[in-house]
J.: 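One structure, as structure tokens, below. Some questions next.
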Amino acid sequence: MPICKKCHSRIDKFNKDRCPICGVENPFEGVTSDTIEITSTIDTDNLNIDYHPRKKSTLFVLFACLGIFGVPFFYIYKKGIGLIYCFSNLVLIAITITLLTLLTPLDPWVSILLPIIFFVFVNVLVGLYFYNKPNLKDGRGVFIA
């Protein structure tokens, strides 16, 4: 429905001479038609769209290399999960190192390296899970290619 130029109320198109609400003459002055052109083309060459789709292969590499620190979740715009993942990984690694150092006769370096290697392996498995997961979306709701 058209809108009156003075009171901005909706008026049916049969009241072209006078607005029934405010009484102004020619309430649609300047309006040349009652329809809107919806078949116009859009120039896609001049659009400034900053869109870079995330890739599953990059996500897998990030899980394999920096998964302990939650970097892959930051890559797919899930910052909260990334912080929780990083914090929980570091706490679990610290607890495991402490328990191995106190309860086993292993060399201290072995007690440090074993949990780190184990958690890197676990993160590679998590990366494989996300790589093979169909219809995976990032934090913005865009599918990951």
Side-chain angles (χ1 to χ4, degrees), residues 1-16 19-22 24 27-145:
M1 291 182 109
I3 297 175
C4 175
K5 67 180 179 182
K6 183 177 181 188
C7 65
H8 304 291
S9 59
R10 292 181 180 252
I11 307 168
D12 60 355
K13 60 184 176 181
F14 300 110
N15 292 322
K16 291 183 179 181
C19 175
I21 308 240
C22 66
V24 70
F28 306 136
E29 192 171 291
V31 177
T32 58
S33 68
D34 295 334
T35 60
I36 299 172
E37 177 64 39
I38 61 170
T39 60
S40 62
T41 58
I42 298 172
D43 184 18
T44 58
D45 294 333
N46 294 328
L47 290 177
N48 293 327
I49 298 175
D50 188 26
Y51 173 70
H52 303 287
R54 302 300 182 202
K55 298 180 181 175
K56 286 186 178 181
S57 57
T58 306
L59 185 66
F60 173 73
V61 170
L62 286 174
F63 265 112
C65 298
L66 299 169
I68 292 175
F69 304 109
V71 172
F73 292 106
F74 288 100
Y75 175 69
I76 59 173
Y77 304 112
K78 295 185 178 183
K79 296 176 184 176
I81 295 173
L83 289 173
I84 292 169
Y85 195 80
C86 175
F87 180 73
S88 62
N89 269 338
L90 294 178
V91 167
L92 288 173
I93 289 173
I95 290 171
T96 310
I97 289 172
T98 304
L99 290 175
L100 283 176
T101 305
L102 295 176
L103 301 176
T104 61
L106 294 174
D107 191 36
W109 290 107
V110 175
S111 298
I112 293 171
L113 286 177
L114 278 177
I116 293 173
I117 292 170
F118 174 75
F119 277 93
V120 167
F121 178 72
V122 167
N123 280 301
V124 168
L125 292 178
V126 172
L128 281 173
Y129 168 75
F130 278 105
Y131 185 78
N132 291 321
K133 186 176 180 183
N135 301 330
L136 182 64
K137 291 184 178 181
D138 65 5
R140 296 180 178 173
V142 178
F143 286 104
I144 299 174

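These values consider heavy atoms only, across backbone and side chains, with no hydrogens, waters or symmetry-generated copies.
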J.: Starting at CD1 of I117, measure out to CD1 of I112 and round the result to the nearest 0.5 Å.
T.: 12.0 Å

J.: Quickly, which of N89, L90, N123, L62 forms a side-chain contact (heavy atoms from CB on, under 4.5 Å) with F69? Name it, please.
T.: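 Filter result, single survivor: L90.
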
J.: Mind listing the closest non-hydrogen atom pair of C86 and G70 along with its distance?
T.: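 What the structure gives for the nearest pair is CB-N, 4.2 Å.
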
J.: Nearest 0.5 Å please: distance from the CG atom of L83 over to the OG atom of S88.
T.: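 Those atoms lie 10.5 Å apart.
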
J.: Is any side-chain heavy atom of T104 closer than 4.5 Å to one of V110?
T.: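 No; the side chains remain at least 4.5 Å from each other.
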
J.: Considering all heavy atoms of both residues, which atom of K137 and which atom of K78 are nearest to each other, and what is their separation?
T.: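 K137 and K78 have their closest heavy atoms at O-NZ, 3.7 Å.
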
J.: Could you tell me whether Y131 atom OH has more than 12 heavy atoms of other residues or ligands within 6.0 Å of it?
T.: no

J.: Is the ring pair F63/Y85 parallel, tilted or perpendicular, if the boundaries are 30 and 60 degrees?
T.: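 Ring orientation of F63 relative to Y85: perpendicular.
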
J.: Could you report the tightest heavy-atom contact between A64 and V120, atom names first, then the distance?
T.: O-CG1, 3.9 Å

J.: Just verifying a value: how many Å separate R54 CZ and I144 CD1, rounded to the nearest 0.5 Å?
T.: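 Rounded to the nearest 0.5 Å, the CZ-CD1 separation comes out at 9.0 Å.
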
J.: Are the side chains of Y75 and V71 in touch, meaning some heavy atoms are under 4.5 Å apart?
T.: no

J.: What is the distance from atom CD1 of I81 to atom CZ of F74, rounded to the nearest 0.5 Å?
T.: 10.5 Å

J.: Show the nearest heavy-atom pair for residues R140 and Y77, with the distance to one decimal.
T.: NH2-CE2, 3.3 Å

J.: Stepwise, does the side-chain contact (heavy atoms from CB on, under 4.5 Å) test hold for F119 with T96?
T.: CA-CA 10 Å; F119 277 93; T96 310; 4.2 Å; yes

J.: Find the distance between OG1 (T101) and CG (D107) and round it off to the nearest 0.5 Å.
T.: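 It is 9.5 Å, given to the nearest 0.5 Å.
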
J.: State, with a plain yes or no, whether a side-chain heavy atom of I76 is found less than 4.5 Å away from one of L136.
T.: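 Answer no - side chains too far apart.
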
